[in-house]
There are 2 protein chains.
Amino acid sequence: MSESSSIGVVKLSGGVEWALHCCVVLSAATEPTPATKLAELHDVSPSYLAKHLQSLSGAGLIHSTQGKSGGYLLTRSAADITVLQIVEAIDGATPAFRCTEVRQRGPLAASAESCTIPCGIARVMGDADRAWRESLGAVTVADLADELSSTAGPATLPRVNRWLQTGT
Amino acid sequence: MSESSSIGVVKLSGGVEWALHCCVVLSAATEPTPATKLAELHDVSPSYLAKHLQSLSGAGLIHSTQGKSGGYLLTRSAADITVLQIVEAIDGATPAFRCTEVRQRGPLAASAESCTIPCGIARVMGDADRAWRESLGAVTVADLADELSSTAGPATLPRVNRWLQTGT
DNA sequence: TCAACTCGGATATCTTGTGTCCGCGAATCT
DNA sequence: AGATTCGCGGACACAAGATATCCGAGTTGA
């Protein structure tokens with residue numbers, strides 16, 4: 001295995017959870033919220049959370065304003081942001097499985113011109129990955145916020161935002 | 001973040017591809033096939049492939065016979081082995097996403113008794129993971145073998161097994 | 001009985017995620 | 001307008017997990 005290998009390795013970064021929670025909170029925010037406050041609210045590492053928020057900013061999901069009363073804000077309505085977009089912004093859009101084309105290796109290697117179509121294994125993996133992404137793309141952060149309101153009570157989200165602004 | 005963390009980290013090991021190819025080959029085998037031969041056939045690291053085959057053996061998908069003419073063999077019909085079982089044998093059945101219960105942390109932590117139901121984020125991730133596994137569980141190695149026969153020709157699989165036995 | 005061949009687990013190496021730090025830019029206050 | 005304060009952005013260590021390997025235990029066949 002002298003090849004650069006790099007088999008398909010799906011890794012779902014842990015920071016995805018934090019990013020999702022932040023987006024839900026931001027969906028009800030009306031003023032920029034600094035990363036420090038978000039980290040304090042969730043009790044997580046401020047620097048590391050900032051890193052993930054940067055990824056979200058780079059993906060165009062949230063907008064950052066600098067300065068004294070700066071912070072983060074959603075770029076568009078929460079109904080127009082899917083969890084898939086957040087996951088892909090953090091973890092990258094690379095598919096879970098990458099075919100190494102083992103059929104073209106070894107003593108009984110298949111000819112290259114006969115491999116225009118992906119092999120069955122790659123297709124199955126691709127279908128599963130597609131199903132996973134489709135499931136994630138069907139849910140928006142607005143849905144998550146609604147879900148939170150109906151389970152934890154409608155007052156939770158406004159209360160969180162009040163704490164972010166005033167600290168009480 | 002002094003906690004042991006252990007956020008949900010899904011890692012799709014690269015050896016899954018090798019394991020799948022091996023199972024497809026073994027589906028047409030009639031005699032035990034040693035790991036060395038399988039590694040040589042696919043041109044991959046023999047030791048590393050052996051490790052994965054051990055995982056498959058531990059999961060009860062393939063049976064190992066030691067001794068001079070030993071090797072691996074499927075424990076049951078290829079139609080009764082799904083891709084999902086192979087993936088879970090290699091990568092483990094741990095779900096892609098593990099909720100850290102961030103809602104119970106920080107200054108506005110929710111009470112523990114109000115968290116009997118998983119939060120919306122965990123549910124969405126769980127649904128996506130379930131869709132992924134369902135898609136993988138719908139395909140058997142027999143399906144993969146059939147697919148290979150129809151695309152690469154019906155003679156490929158027998159020829160591979162002849163090479164494994166005789167070397168020609 | 002003996003020997004060869006097989007699997008199985010314990011062992012190094014290395015990429016990748018996890019976590020942290022300092023510099024740059026922008027808005028506020030004087 | 002200038003200095004200051006605050007927050008974002010990218011560059012820097014640390015650790016965990018995957019990748020790759022080797023040697024010992026067990027078994028079959030002669």
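Atoms considered below: every heavy atom in the structure, side chains included; atoms not considered: hydrogens, waters and symmetry mates. Protein chains get the first letters and strands the later ones, always in sequence-line order, with residue 1 at the start of each.
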Looking at side-chain heavy atoms only, is the closest gap between [X] and [Y] below 4.5 Å?
{"X": "A:Asp43", "Y": "B:Val102", "value": "no"}
{"X": "B:Thr82", "Y": "B:Gln85", "value": "yes"}
{"X": "A:Val87", "Y": "A:Trp132", "value": "yes"}

Close residues, [range], relative to DNA chain D [heavy-atom separation under 4.0 Å]:
{"range": "residues 19-30 of chain A", "answer": "none"}
{"range": "residues 51-61 of chain B", "answer": "B:Lys51"}
{"range": "residues 160-168 of chain A", "answer": "none"}

Which pairs with one or both residues in [range] pass side chain to side chain donor-acceptor pair (under 3.5 Å), sequence neighbours excluded?
{"range": "residues 46-60 of chain A", "result": "none"}
{"range": "residues 150-161 of chain A", "result": "none"}
{"range": "residues 106-119 of chain A", "result": "A:Ser111-A:Ser114"}

Task: Euclidean distance, A:His21 NE2 relative to B:Arg105 CZ, rounded to 0.5 Å - done: 10.5 Å
What is the distance, rounded to the nearest whole Å, between atom [atom1] of [X] and atom [atom2] of [N]?
{"X": "A:Tyr48", "N": "D:dA11", "atom1": "OH", "atom2": "P", "result": "17 Å"}
{"X": "A:Leu38", "N": "D:dG7", "atom1": "CG", "atom2": "C1'", "result": "12 Å"}
{"X": "B:Asp43", "N": "D:dA20", "atom1": "CG", "atom2": "P", "result": "12 Å"}
{"X": "A:Asp91", "N": "C:dG17", "atom1": "CG", "atom2": "P", "result": "8 Å"}
{"X": "B:Ile90", "N": "D:dG17", "atom1": "CD1", "atom2": "P", "result": "18 Å"}
{"X": "A:Trp18", "N": "C:dG19", "atom1": "CH2", "atom2": "C1'", "result": "8 Å"}
{"X": "B:Leu73", "N": "C:dC7", "atom1": "CG", "atom2": "P", "result": "12 Å"}
{"X": "A:Glu31", "N": "D:dG7", "atom1": "CD", "atom2": "P", "result": "14 Å"}

TODO: Go through D:dA20, C:dG19, C:dC7 for me and flag the one nearest to the B:Pro34 side chain.
DONE: C:dC7
TODO: Test side-chain hydrogen bond (donor to acceptor under 3.5 Å, both in side chains) on B:Asp143 and B:Thr140 and set out the steps.
DONE: CA-CA 5 Å; B:Asp143 297 331; B:Thr140 68; 3.2 Å; yes
Open item on the list: Counting the atoms with a prime plus P, OP1 and OP2 as sugar-phosphate, which does A:Ser64 contact under 4.0 Å by heavy atoms, base, sugar-phosphate, or nothing?
Closed with: sugar-phosphate
Open item on the list: Classify B:Ala35 by what it touches in the nucleic acid, base, sugar-phosphate, or nothing, heavy-atom distance under 4.0 Å.
Closed with: sugar-phosphate
TODO: May I ask you to evaluate whether B:Tyr72 reaches the phosphate of C:dG8, defined as a side-chain N or O under 4.0 Å from OP1 or OP2?
DONE: yes
Task: Sidechain N-carboxylate O distance under 4.0 Å for A:Arg123, B:Glu147 - done: yes
What pairs with [X] under salt bridge (charged side-chain N to carboxylate O under 4.0 Å, His left out), at least two apart in sequence or on another chain?
{"X": "A:Asp80", "value": "none"}
{"X": "B:Glu31", "value": "none"}
{"X": "B:Arg76", "value": "none"}
{"X": "B:Arg133", "value": "B:Glu88, B:Asp129"}

Compile the donor-acceptor pairs under 3.5 Å between side chains in residues 64-74 of chain B and protein atoms, sequence neighbours left out, one pair per line.
residue : atom : partner : partner atom : Å
B:Thr65 : OG1  : B:Gly71 : N            : 3.3
B:Thr65 : OG1  : B:Gly71 : O            : 3.4

Could you go through nucleotides 28-30 of chain D and list every protein N or O atom that sits under 3.5 Å from one of its N or O atoms, giving the distance for each pair?
residue : atom : partner : partner atom : Å
D:dG29  : OP1  : B:Ser69 : OG           : 3.3

